[in-house]
Amino acid sequence: FITPQTIMFARKVLGLPATTKAEIVFTNLAVGTFHNVAIYTAAEPGVPVFNGKPIAHGSQTYTFETPAPGTYRYVCDFHAAMTGEFRVTAATPSEESK
């Protein structure tokens, strides 16, 4: 779950296993202020990996496949100060066999 607090994300670090279906439940409490969650490669300006639909208020569930293991950035495309670290780890043997 990710919720913006003014123009910052409440969570600064997210972690998920690589190449799996993932969901981010994003809740925007700021009425009339557009926010989204987008994932970019770590090096600035970064290559987009996933861009979530912007919302002006309410909740949105983003569904996507996580990229290869590594460190990425998640950002709000509307507010440069809204950033966090997205850590993708190698799948464990039990996850790979599913």
Side-chain angles (χ1 to χ4, degrees):
F1 294 93
I2 300 178
T3 304
Q5 295 180 333
T6 60
I7 56 166
M8 295 187 330
F9 287 120
R11 289 181 75 171
K12 292 294 183 186
V13 178
L14 293 177
L16 291 170
T19 61
T20 59
K21 284 195 173 190
E23 278 190 354
I24 293 176
V25 178
F26 177 64
T27 302
N28 180 1
L29 301 175
V31 177
T33 301
F34 278 93
H35 293 293
N36 77 325
V37 176
I39 299 171
Y40 291 86
T41 55
E44 300 236 9
V47 175
V49 174
F50 170 80
N51 270 42
K53 175 185 172 185
I55 57 173
H57 183 68
S59 292
Q60 174 75 38
T61 299
Y62 300 126
T63 304
F64 62 100
E65 186 162 318
T66 57
T71 301
Y72 299 83
R73 295 179 305 122
Y74 70 93
V75 302
C76 171
D77 287 321
F78 298 88
H79 302 97
M82 291 180 67
T83 64
E85 187 174 286
F86 184 61
R87 298 177 187 162
V88 180
T89 58
T92 63
S94 62
E95 291 171 331
E96 291 173 350
S97 62
K98 288 182 181 178

- prompt: Taking the side chain from Thr66 and the backbone from Thr19, do they hold a donor-acceptor pair closer than 3.5 Å?
  reply: yes

query: Just wondering, do Tyr74 and Phe9 contact through their side chains at under 4.5 Å, heavy atoms?
result: yes

- prompt: Between NZ of Lys21 and CD of Glu65, what distance do you get to the nearest 0.5 Å?
  reply: 8.0 Å

message: Do Pro69 and Thr89 have side chains that approach each other closer than 4.5 Å (heavy atoms only, starting at C-beta)?
response: no

Please tabulate, for the side chains in residues 56-64, all donor-acceptor contacts under 3.5 angstrom to protein atoms that are two or more places apart in sequence or on a different chain.
from	atom 1	to	atom 2	distance (Å)
His57	ND1	Asn28	O	3.3
Ser59	OG	Thr27	OG1	3.0
Tyr62	OH	Lys53	O	2.6

- prompt: What pairs with Phe78 under side chain to side chain contact (heavy atoms under 4.5 Å, CB included), at least two apart in sequence or on another chain?
  reply: Phe34, Asn36, Pro54, Cys76

Tyr72: ring-ring contact (aromatic ring centres under 6.0 Å, His included) partners, not counting sequence neighbours: none

- prompt: Taking only residues at least two apart or on different chains, which pairs with a member in residues 80-89 satisfy salt bridge (Lys or Arg N to Asp or Glu O under 4.0 Å)?
  reply: Glu85-Arg87

query: What are the two closest non-hydrogen atoms of Ala38 and Asn51, and how far apart are they?
result: CB-OD1, 3.6 Å

query: Do the side chains of Thr33 and His35 get nearer than 4.5 Å, heavy atoms only?
result: yes

Pairs where residues 68-82 contributes a residue and the test salt bridge (Lys or Arg N to Asp or Glu O under 4.0 Å) is met, not counting sequence neighbours: Glu44-Arg73

- prompt: Applying the side chain to side chain contact (heavy atoms under 4.5 Å, CB included) test to Tyr40, which of Thr83, Val75, Val47, Val49 qualifies?
  reply: Val75

- prompt: Can you list the residues that meet the ring-ring contact (aromatic ring centres under 6.0 Å, His included) rule with Phe86, with sequence neighbours excluded?
  reply: none

- line: For Leu16 and Ala22 the tightest heavy-atom approach is CD1-CB, 3.6 Å

- request: Nearest 0.5 Å please: distance from the CD1 atom of Ile24 over to the CG atom of Leu14.
  value: 5.5 Å

